[in-house]
Student: 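Before I ask anything, here is the structure I am working with.
Since we're looking at a predicted model, the values are computed, not measured. So you know, we letter chains A, B, ... as the sequences are listed, proteins then strands, and number each from 1.
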Number of protein chains: 2
Amino acid sequence: MIRIGIVDDKKNNRIILADKLRRNNLFDVRLEAANGEQFLQKMMELKFDERPEIVLMDLEMPIMDGIVTIATGSSLYPGVRYVVLTIFDDDDRIFNAIKAGACGYLLKEESGEIIADILVNLWKNGAGPISPSIAYKILQMIQNPPTAKLPLAGQKSENLFQLSEREKEILRFLCQGLEYKEIALKLSISANTVKKHVINIYDKLHVNNKGHALHIAYTKNLL
Amino acid sequence: MIRIGIVDDKKNNRIILADKLRRNNLFDVRLEAANGEQFLQKMMELKFDERPEIVLMDLEMPIMDGIVTIATGSSLYPGVRYVVLTIFDDDDRIFNAIKAGACGYLLKEESGEIIADILVNLWKNGAGPISPSIAYKILQMIQNPPTAKLPLAGQKSENLFQLSEREKEILRFLCQGLEYKEIALKLSISANTVKKHVINIYDKLHVNNKGHALHIAYTKNLL
DNA sequence: TCATCAATAATCCATTTGGATAGTTTTTTT
DNA sequence: AAAAAAACTATCCAAATGGATTATTGATGA
């Protein structure tokens, strides 16, 4: 049985999709969430071997959207595969989802059987499921890099987490191993303020300690 | 009828593929070539509306290989679609073929029916045909840009700090943002022991806090 | 003008971490 | 078998971190 998670703000979508998958005896839909925050919350409560192996993620959601959720989730739980399942196919969304760590991108148009097939294939072979039209767009992105968005030389990624300039500055210092006091000294502000910024950064990254934050910073190229 | 070209140095391959496609009444295989030079020569001799709309291109060929041929051909005849059809799936070939202007990349493993389906789809919808495992590799290329790899630096740096296996293990957890307690749980040892290991790691790395340690771990590739 | 937001600063409190020190057990090497 | 190294456990204490809350300032925008 492949453990599946479904994240979609429309309850009906979740039910239909879960039904489709459950009809196939290979899938065990055991996590449903209406937005990213709820998803991360539920992941936290699960033990390692109870967590879904594949998570189907809608992109347009209130509170915490799919891309930020994938970015955070793929750092926190690297063993989990995230597959975007959405009706949108614009370049920015595709690109950001991939950068965030999605290993597949399916359009909701695809039929239930195809989705099931593709997920089984992902689980067995590790091949990323990608709708043909999406794959074509990705090719085009490589052929015509949309204004320096392709990080082919390890460039900075988009501001996924909406950090302010000051926050990025402080995150960079944090990543160098500086303590609050030292950062305060460098920036000529008080250590209390540094701490406040750090807490705000944690909020935006949806983490609650330095280790996690640095992990995301390093793996998501936030520096 | 979709006009098809086949470029492959093995005559047998051409015959088998042409047969497969001709069985389907949608295809009109009207150009065969054994290498890039021959292909370009024949293209030159054809009138505009006689040229193939889709060209299936092998990569490994004598005289003029597939990538150079695609690069040249896509400049000379932008209206023609080039689909790579090969047994090779290494990153460099894929990337170069796409950069050269290929609009699809199929592995020869795919069955004749699938190839036919995919070509029809390409012709009708413009969606690029890509084998799933290729698509996955492309994703990974975007996620992990091919950075300049240092040949021996990896191995050297692992020995540089003389970390024991256990210490490396704990450092990896630390880099994932886990706290002492959580690491202790994962390793079934006490948090005190974890702390002791961490202190020993700091000693070896000549640092005195988590930030510094993670910085070295990430930048010196200790993971 | 009023509302909002980013940056600044501070306080209180609980938890985590870093450092020193002192052991025991297990494994490896000599 | 003895010695050495690695792994494990523990306690004390000081420092750093995290979380919540409150408040001021300046810039931006409706």
Side-chain angles (χ1 to χ4, degrees), chain A residues 37 40-41 43-45 62-65 68 72 75-76 158-218 222-223, chain B residues 158-218 222-223:
Chain A
E37 211 151 277
L40 292 179
Q41 177 64 37
M43 284 293 278
M44 228 184 333
E45 292 163 2
I63 302 177
M64 188 174 175
D65 74 28
V68 174
T72 312
S75 291
L76 260 42
E158 299 305 290
N159 198 355
L160 268 185
F161 296 96
Q162 308 269 46
L163 296 182
S164 72
E165 277 311 311
R166 194 57 152 179
E167 285 162 349
K168 284 189 234 170
E169 195 178 7
I170 286 175
L171 181 56
R172 276 191 289 273
F173 283 127
L174 268 192
C175 284
Q176 287 164 32
L178 301 191
E179 294 176 352
Y180 296 169
K181 278 193 285 186
E182 300 172 302
I183 297 174
L185 208 65
K186 287 218 174 211
L187 297 179
S188 302
I189 58 180
S190 97
N192 288 315
T193 306
V194 173
K195 185 163 90 170
K196 178 62 179 157
H197 283 304
V198 171
I199 301 270
N200 288 340
I201 292 169
Y202 292 174
D203 276 351
K204 290 186 179 177
L205 300 189
H206 303 279
V207 300
N208 49 19
N209 65 55
K210 204 187 287 186
H212 269 143
L214 298 203
H215 183 233
I216 290 182
Y218 278 114
L222 260 46
L223 313 175
Chain B
E158 284 193 42
N159 297 351
L160 239 184
F161 297 99
Q162 307 272 44
L163 295 182
S164 73
E165 277 311 311
R166 193 57 151 181
E167 286 161 348
K168 284 188 229 168
E169 194 178 10
I170 285 176
L171 181 56
R172 274 190 291 273
F173 282 127
L174 222 52
C175 283
Q176 285 165 33
L178 302 190
E179 293 175 353
Y180 296 171
K181 277 195 283 187
E182 298 173 302
I183 297 174
L185 207 66
K186 288 220 173 208
L187 298 179
S188 302
I189 59 179
S190 95
N192 289 314
T193 305
V194 174
K195 187 162 92 172
K196 180 60 180 158
H197 284 304
V198 171
I199 301 271
N200 289 341
I201 292 169
Y202 291 173
D203 278 351
K204 291 185 179 177
L205 300 190
H206 304 284
V207 300
N208 50 16
N209 66 56
K210 206 187 285 187
H212 266 139
L214 297 205
H215 183 233
I216 290 181
Y218 278 113
L222 260 47
L223 312 174

Student: Would you kindly give the CD-to-P distance between E169(A) and dA6(C), to the nearest whole Å?
Tutor: 16 Å
Student: As a quick check of understanding, evaluate side-chain contact (heavy atoms from CB on, under 4.5 Å) for E182(A) and L187(A), giving each step before the final call.
Tutor: CA-CA 9 Å; E182(A) 300 172 302; L187(A) 297 179; over 6 Å; no
Student: In terms of side-chain heavy atoms of I189(B), which of dA7(C), dC8(D), dG18(D) is nearest?
Tutor: dC8(D)
Student: At less than 4.0 Å, is any side-chain N or O atom of Y180(A) found next to OP1 or OP2 of dG18(D)? Yes or no.
Tutor: yes
Student: Given dG18(C), is OP1 or OP2 found less than 4.0 Å from the side-chain N or O atoms of Y202(B)?
Tutor: yes
Student: Nearest whole angstrom, please: distance from the C1' of dT16(C) to the NE2 of H212(A).
Tutor: 15 Å
Student: As an exercise, state the distance from CG of L178(B) to CG of L185(B), rounded to the nearest 0.5 Å.
Tutor: 10.0 Å
Student: Figure out the CD/P separation between E182(B) and dT15(C), and round it to whole Å.
Tutor: 15 Å
Student: Tell me the closest heavy-atom pair linking A217(B) and L171(B), and the distance in Å.
Tutor: CB-CD2, 4.0 Å
Student: Strictly below 4.0 Å: does S164(A) bring a side-chain N or O up to OP1 or OP2 of dA6(C)?
Tutor: no
Student: Round to the nearest Å and state the distance from I199(B) atom CD1 to dT21(C) atom C1'.
Tutor: 12 Å
Student: Starting the side chain at C-beta, find the nucleotide from dG18(C), dT21(D), dA10(D) nearest to S190(B).
Tutor: dA10(D)
Student: Assess whether a salt bridge exists between R172(B) and E169(B), defined as any Lys/Arg side-chain N lying under 4.0 Å from an Asp/Glu carboxylate O.
Tutor: no
Student: Provide, to the nearest angstrom, the distance between the CD1 atom belonging to I170(B) and the C1' atom belonging to dC8(D).
Tutor: 10 Å
Student: I'd like to check H206(A) versus E37(A) (side-chain heavy atoms, cut-off strictly below 4.5 Å). Are they in contact?
Tutor: yes
Student: Picking from dG18(D), dG19(C), dA7(C), which would you name as closest to the side chain of N208(A)?
Tutor: dG18(D)
Student: Distance check: side-chain N/O of T193(A) vs OP1/OP2 of dA9(C), anything under 4.0 Å?
Tutor: yes
Student: I want to verify a distance call: between dT8(C), dT9(D), dA16(D), whose nearest atom is closest to the K196(A) side chain?
Tutor: dT8(C)
Student: Return the value, rounded to whole Å, for the distance between atom CG of N200(A) and atom P of dA7(C).
Tutor: 9 Å
Student: Would you mind telling me which residue lines up with the more 5' stretch of DNA chain D, D203(A) or E179(A), judged by nearest nucleotide?
Tutor: E179(A)
Student: Establish, with yes or no, whether the OP1 or OP2 oxygen of dT17(D) is under 4.0 angstrom from a side-chain nitrogen or oxygen of K210(A).
Tutor: yes
Student: OP1 or OP2 of dA9(C) less than 4.0 angstrom from a side-chain nitrogen or oxygen of N192(A), does that happen here?
Tutor: no
Student: Please report the distance, rounded to the nearest Å, between CG in L171(B) and P in dA6(D).
Tutor: 17 Å
Student: Could you state the atom-to-atom distance from CG of L178(B) to P of dT17(D) in whole Å?
Tutor: 19 Å
Student: Between the base of dG18(D) and the side chain of K195(A), is one N or O donor paired with an acceptor at under 3.5 angstrom?
Tutor: yes
